[in-house]
2 protein chains.
Amino acid sequence: MSEKSIAILVIEDELPIVRFLRATLENQGYSLRDAATGQEGIAEAGTCRPDLILLDLGLPDMDGLEVIRRVRAWTDVPIVIISARGQESDKVAALDAGADDYLTKPFGVPELMARIRVALRRASHVGDHGESSFFTCGDLKVDLAGHLVHLRGQEVSLTPIEFRLLAAMIKHAGKVITHRQLLREVWGPHLTDESHYLRVFVHQLRRKLEDDPTRPKFILTEAGIGYRLRV
Amino acid sequence: MSEKSIAILVIEDELPIVRFLRATLENQGYSLRDAATGQEGIAEAGTCRPDLILLDLGLPDMDGLEVIRRVRAWTDVPIVIISARGQESDKVAALDAGADDYLTKPFGVPELMARIRVALRRASHVGDHGESSFFTCGDLKVDLAGHLVHLRGQEVSLTPIEFRLLAAMIKHAGKVITHRQLLREVWGPHLTDESHYLRVFVHQLRRKLEDDPTRPKFILTEAGIGYRLRV
DNA sequence: AGAAGCCTTAACGAACTCTTAACGGCATCG
DNA sequence: CGATGCCGTTAAGAGTTCGTTAAGGCTTCT
């Protein structure tokens with residue numbers, strides 16, 4: 001079961017601390033990128049789209065508050081401050097500028113971890129309630145977030161692989177998806193030539209979803225290339 | 001245009017502190033309610049629906065962590081901890097139980113205000129989830145704030161873990177909840193692979209709630225993924 | 001101190017899913 | 001016309017996950 005790991009961006013100029021954080025965070029299963037200056041950090045945040053930012057306020061090239069504001073200008077990604085300065089006015093300024101939490105060095109690793117979990121938890125709840133993404137095509141209705149499939153109002157139960165296969169097709173609905181692509185998205189990057197699996201599971205899906213599996217309405221086969229989901 | 005002021009619930013047993021917070025917060029334009037015990041606080045949270053909860057962990061009648069969990073069972077309202085105990089393990093436990101921030105007494109008022117603003121800011125992004133502390137499905141009625149479960153008018157007594165498990169499912173009612181997710185919400189963020197616990201406790205729940213545990217009406221199992229509560 | 005209740009842990013059979021193999025139809029190409 | 005390759009279909013075995021039960025340790029209450 002491959003799950004994409006959570007990405008954290010560390011903006012910090014002191015190398016020992018970066019190394020320490022890298023070891024600690026990667027040990028917890030997070031993937032990590034780092035930047036040594038504010039400029040670099042802002043750019044990196046734009047390109048790698050982290051799930052959380054750890055920011056040291058004492059950067060050499062620009063004010064930490066400015067980094068917060070520049071990042072907040074276009075994203076709500078959680079920002080946790082780690083700073084040597086423990087002045088209350090500094091904390092208030094950073095928090096009001098858009099930071100989500102503020103830790104003063106030296107801090108304990110368990111507390112840092114807990115506060116990172118809090119920030120990530122809050123951020124993940126944003127899409128929790130209304131934002132279930134539906135896909136509809138004729139009588140077929142799929143709730144990707146809720147793992148639900150309805151056909152003519154009737155619920156259809158799919159196995160994990162069946163659902164992943166359907167979800168992958170929905171992600172590229174209307175376009176052709178090659179065998180390779182499907183195999184990578186459903187089974188992971190290892191399998192790439194076993195286009196055999198596909199036939200078995202496409203058949204399973206058609207048997208559950210199509211009225212007449214011989215003449216498919218939803219899952220069309222593009223001979224020699226792959227499959228395509230009708231929109 | 002009438003602007004409803006933001007409501008804050010203070011759960012704190014020391015009267016001087018309550019008075020101090022009342023003066024400070026009302027001066028900032030918040031409206032305030034207070035409760036002196038955990039029981040009272042949980043009940044008050046269910047009825048007055050505050051926008052934020054300030055919670056002292058050192059309550060006379062029950063463990064502060066239990067208060068957090070009981071409130072978290074049915075709402076994502078921001079919880080900010082104010083505590084005399086500054087032990088890192090206390091902080092981690094509270095944050096992992098569902099708190100959003102943790103301040104150690106004595107704290108500065110400006111910092112408290114700033115952290116309250118952060119918590120409110122984060123929560124407002126989520127938008128209104130029409131949360132209710134009651135859940136009903138067929139013969140099953142659950143009062144999340146009151147920790148009560150009724151089946152066909154008959155009261156059912158659940159153990160703490162059984163109730164947390166049921167509450168977690170209710171929070172995502174209708175959608176599939178993965179094993180990971182359930183383990184995190186019920187046991188904390190550490191356990192993530194012990195999907196074994198789930199089977200035991202799901203079985204306990206079904207034995208207490210379902211007419212025919214073999215053919216569940218409420219707690220459905222999504223093979224290979226997790227569980228789902230019928231709506 | 002004793003008892004009761006709850007959580008953890010282990011074990012085993014049953015049900016389900018995934019993998020793998022085999023076969024037939026259909027089209028293209030030599 | 002036969003060979004080859006791709007796709008659909010089916011079935012069986014292996015492997016994994018799920019349900020169920022019970023015993024032991026821990027905490028809590030009396």
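Quick note on labels: first sequence line is chain A, next is B, and so on, each numbered from 1. Scope of the values below: all heavy atoms of this structure, side chains included, with no hydrogens, waters or symmetry mates.
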OP1 or OP2 of C:dC18 under 4.0 Å from side-chain N/O of A:T159: yes

C:dT19 OP1/OP2 closer than 4.0 Å to side-chain N/O of A:W187: yes

Gap between atoms CG and P, on B:L198 and D:dG19 respectively (whole Å): 10 Å

B:E222 CD - C:dC16 P separation (whole Å): 14 Å

Nearest-angstrom distance from the residue atom NE2 of B:H203 to P of C:dC12: 18 Å

Reference residue A:Q204; test side chain to side chain donor-acceptor pair (under 3.5 Å); the match among A:R207, A:K208, A:R206: A:R207

Lys/Arg-Asp/Glu bridge criterion (N-O < 4.0 Å) met for B:E185, B:R72: no

Euclidean distance, atom NE2 of residue B:H196 to atom P of C:dC12 [Å, nearest integer]: 13 Å

Parallel, tilted or perpendicular, as decided by the 30° and 60° cut-offs, for the rings of B:Y227 and B:H179: perpendicular

Integer-rounded Å distance: D:dT20 C1' and B:E210 CD: 15 Å

B:K217 backbone acceptor or donor facing B:R230 side chain under 3.5 Å: yes

Among D:dC18, D:dT9, C:dC7, the one nearest B:H179 by side-chain distance: D:dC18

B:I161 CD1 to D:dC26 P, straight-line distance once rounded to whole Å: 16 Å

Check: B:R164 side chain, B:V186 main-chain N or O, donor-acceptor pair, under 3.5 Å: yes

Rounded interatomic separation in angstrom, taking CZ from A:R215 and P from D:dC7: 19 Å

5' priority, DNA chain D, between A:R206 and B:V200 [closest heavy atom]: A:R206

Under-4.0 Å side-chain N/O to phosphate OP1/OP2 contact, A:Y197 with C:dT20: yes

Residue B:P160, side-chain heavy atoms: nucleotide from C:dT17, C:dC6, D:dT9 that is nearest: C:dC6

B:E162 or A:Q204, whichever maps to the more 5' nucleotide of DNA chain C: B:E162

Given C:dT20, D:dC7, D:dT20, the nucleotide with the shortest approach to the side chain of A:R199: D:dC7

Sugar-phosphate only, base, or nothing, as touched by B:T221 at under 4.0 Å among non-hydrogen atoms: sugar-phosphate

Spacing of A:R164 atom CZ relative to C:dT17 atom P, expressed in whole Å: 14 Å

